[in-house]
Amino acid sequence: MSEQACDVVVIGAGPAGMRAAVTAANEGLSVTLIDEQTEAGGQIYRAVARVARTRPADLTLLGPEYAAGGDIVLELDAADITVLHGHTVWQISQDGTVWCSDGTKAKSITARFVIMASGAQERPVPVPGWTLPGVMTAGAAQILLKSAAMVPDGPVALYGSGPLLLLVADQLLSAGADIRVVAETTTFKDYLNAAPHLLGALPASKYLKKGIALRRHLKAAGVPIIKAPNGVSIEGTERATGLRIIGKHGQTFEAETILLQQGVVPNTQASWQLRLDHAWHAAQHYWYPTTDRFGATSLANVFIAGDGAGIFGAEAAAAAGALAGLGVAHAAGNISAAARDQKALPFIALHKKAAAIRPLLDHLFPPPAHILVPDDATIICRCEEITAGQVRDAAKLGAPGPNQLKAFLRAGMGPCQGRMCGLSVVEIMARAHGKSPAEIGAYRIRPPLKPLSLAELAAMDDDTPTP
Amino acid sequence: MMHRRNTAGERVTINIDGKNVEAVVGESVAAAVLAAGAGATRTTPVSGAPRAPYCMMGVCFECLMDIDGIPNRQACMVSVTPGMKIKRQAGARTVGGAS
Ligand SMILES: Cc1cc2nc3c(=O)[nH]c(=O)nc-3n(C[C@H](O)[C@@H](O)[C@H](O)COP(=O)(O)OP(=O)(O)OC[C@H]3O[C@@H](n4cnc5c(N)ncnc54)[C@H](O)[C@@H]3O)c2cc1C
Ligand code: FES
């Protein structure tokens, strides 16, 4: 296949990317939508069309917020858009060329505009024992439930904080999992810090009600929800056998599956690779690329929509997708600024309403200190098995930031390319040097964004430009 | 480690480390491996520690497996296909060949 061209490449088929693609196509632009998953939906609506088709009863189990995704997928199916599922984007160049591969063959697409809608990942949760088989993220368990109707065998324990923690606990409970405990890190101080944001959250009070209902449901089913402000450690040698709560009255809960959740953070590999401007989110401790209300970034031809530009949740992501589609339609000359602004009004209102809950959530569920700066012995780089203590030592020996750290340690140089240790390294080094994360900076990300095999590159056509 | 609460959908037979097992179309290889009770998907190159899928969404690279003769594929991002041959990996450090 030769090099392809289109007006807009959209990366990511979650709510933001699907809505962005449909909006841009409706404004007369030729659109290619690329996603590495084999089905549309992104994280929240993963596999929703297949679930509706093959096991519709599970829509009830997974809840109305999940089932709602079916409508956006239908919109996408109806639109005139080239969709490449199962294709991972591994490089984006500043001129708008996007390289992707389906695992066997690489190709490139040149676009006048790129809309990145690559969403979020769960914050890695470095606790002692987190590399043992049997330990995964809460989102991973949810992915297994959505995409494969799978439920953990044996006793399950969950640890962390935030809306996704309770949601997954509740979904698994309804699916028949044996949940022994939900251990939360939220403290009284977090409630105090969040209180000033309560009033502002009222427009989005349905999320608050949902949280309360989840908690009530879990408790009514006899699931203990306990406090673990000092953290946990995971017991086991070859695989996880239990969750130990650290503290004076620390108990150990037997568990074969341990699910970790400390919020989600923007997936910034591609935005760093493009050297876009980023800022540091002080309450939630993550980087995000800075955008305007239409998703425009520091590069004129690159827009970002959805949780990849900061965590505002799925409804806000869909609205941001529509706004980015309109922003690109205007930048491409298809609609006037006045038409764009007029069409944007309902989406700006939707975004504002959905986002109203965020300051409250951001302050109520901050990642706790023992996760941000773990004990010396805790592994933070899973690929190269590097501990927090080793990073501290390297900082003491003079490594000023994440990139110089690579002269001392292989942190960030394994297959995940720093996706797992990046935020921990920033936080530990900032603390060690008495600086802010913004001063310390982030890993420099170079292509390929995901490792490619030589065979994939070799299968690329001769007329495709080399990256 | 995991069980299917519902096996609706088309079945396929795949082979994990020489053993034939049933899987359901739409499942990822990593999911099928977990349901087969195969435990770890790989061992680490540094200490040989066993590892299993952690994120199921392509972020952590703990699920690297040999799939149909191609090593270091993210098993959580590849869907099962009939006759697929999957092998656990021991301690591969480098991934891919390009940099
Ligand atoms: C595991 C997980 C589970 C979640 N579950 C829920 C939930 O149940 N309820 C809820 O309200 N929120 C949930 N969230 C929060 C989530 O971020 C939602 O707010 C929502 O999915 C965000 O929509 P989005 O369109 O911005 O991104 P996403 O829905 O994350 O979509 C991004 C898409 O981009 C694709 N992508 C990323 N990188 C590449 C690449 N390099 N090449 C090709 N494609 C790429 C991904 O495959 C994905 O499909 C979850 C988040 C995670 C990480
Ligand atoms: S399980 Fe994390 S990349 Fe596959």
Side-chain angles (χ1 to χ4, degrees), chain A residues 36-39 43 46-47 50 53-55 57-58 86 88 103-104 121-122 124 130-137 139-145 147-154 175-176 238-239 256-257 267 382-385 414-417 419-420 446 448 450-457, chain B residues 1-10 23-28 30-32 34-35 37-64 67-74 76-80 92-99:
Chain A
E36 61 181 336
Q37 291 186 43
T38 48
E39 304 160 283
Q43 300 311 340
R46 184 180 280 265
R50 182 162 51 88
R53 200 172 60 244
T54 59
R55 40 188 168 93
D58 282 8
T88 300
T104 58
Q121 68 168 71
E122 289 174 275
W130 72 309
T131 54
L132 286 168
V135 182
M136 51 173 76
T137 65
Q142 194 200 40
I143 287 169
L144 285 160
L145 184 60
S147 66
M150 283 182 194
V151 183
D153 293 326
E238 284 297 294
R239 56 166 296 118
E256 282 171 35
T257 299
N267 170 4
R382 298 175 62 112
C383 296
E384 300 291 335
E385 296 176 70
C416 92
Q417 295 159 297
R419 287 172 172 86
M420 298 306 286
R446 293 203 173 83
K450 284 212 177 168
L452 270 182
S453 68
L454 280 178
E456 283 169 89
L457 269 187
Chain B
M1 298 180 87
M2 292 280 159
H3 64 272
R4 296 179 183 83
R5 59 188 296 278
N6 185 332
T7 51
E10 195 188 326
V24 179
V25 169
E27 281 174 13
S28 66
L34 288 171
T41 40
R42 67 173 188 119
T43 56
T44 62
V46 184
S47 70
R51 292 284 173 85
Y54 173 78
C55 74
M56 289 302 289
M57 59 172 282
V59 173
C60 73
F61 289 72
E62 293 292 10
C63 63
L64 295 180
I67 301 177
D68 282 339
I70 305 175
N72 295 316
R73 295 205 65 192
Q74 286 183 297
C76 68
M77 301 305 293
V78 178
S79 298
V80 293
R93 181 189 280 275
T94 53
V95 179
S99 60

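In what follows, chains are A, B, ... by sequence order, proteins preceding strands, each numbered from 1. Quick caveat: nothing in here was measured; it's all calculated off a predicted structure.
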Under a 4.5 Å cutoff for heavy-atom pairs, which residue among [options] has the most contacts with chain B?
options	answer
A:M136, A:R419, A:E385	A:E385
A:T131, A:T54, A:T88, A:T38	A:T131
A:G86, A:A175, A:G154	A:A175
A:T257, A:T104, A:D58	A:D58
A:K450, A:E238, A:E36, A:Q37	A:K450
A:R446, A:Q417, A:R50, A:R55	A:R50

Is it the side chain or the backbone of [X] that comes within 4.5 Å of chain A heavy atoms, both, or neither?
X	value
B:V24	neither
B:I67	neither
B:A32	backbone
B:E62	side chain
B:V80	neither

Between [X] and [Y], which heavy-atom pair has the shortest distance, and what is it?
X	Y	answer
A:P451	B:F61	CD-CE2, 3.6 Å
A:A149	B:N6	CB-O, 3.7 Å
A:C383	B:C60	SG-O, 4.5 Å
B:A31	A:A148	CB-CB, 4.1 Å
B:M2	A:D153	N-OD2, 3.3 Å

**Gap between atom CZ of A:R46 and atom CE of B:M57 - 0.5 Å precision** =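 B:M57 CE to A:R46 CZ: 7.0 Å, rounded to 0.5 Å.
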**Message:** Once rounded to the nearest 0.5 Å, what's the spacing between atom CD1 of A:I143 and atom SG of B:C76?
**Reply:**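 So the CD1 of A:I143 and the SG of B:C76 are separated by 7.5 Å.
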**Asked** With a 4.5 angstrom heavy-atom cut-off, which part of A:Q43 approaches chain B: side chain, backbone, both or neither?
**Response**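 Contact with chain B involves the side chain of A:Q43 alone.
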Side-chain ([X]) to main-chain ([Y]) donor-acceptor, under 3.5 angstrom:
X	Y	result
A:Q121	B:V59	no
B:R5	A:G176	no
B:R51	A:R382	yes

**Asked** For the candidates B:A52, B:G9, B:C55, which exhibits the highest count of non-hydrogen atom pairs separated by less than 4.5 Å from chain A?
**Response**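 If we count pairs closer than 4.5 Å to chain A, B:C55 comes out on top.
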**Message:** Can you tell me which of B:A35, B:G26, B:S28 forms the most heavy-atom pairs within a distance under 4.5 Å of chain A?
**Reply:**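 Result: the option with the highest number of such pairs is B:G26.
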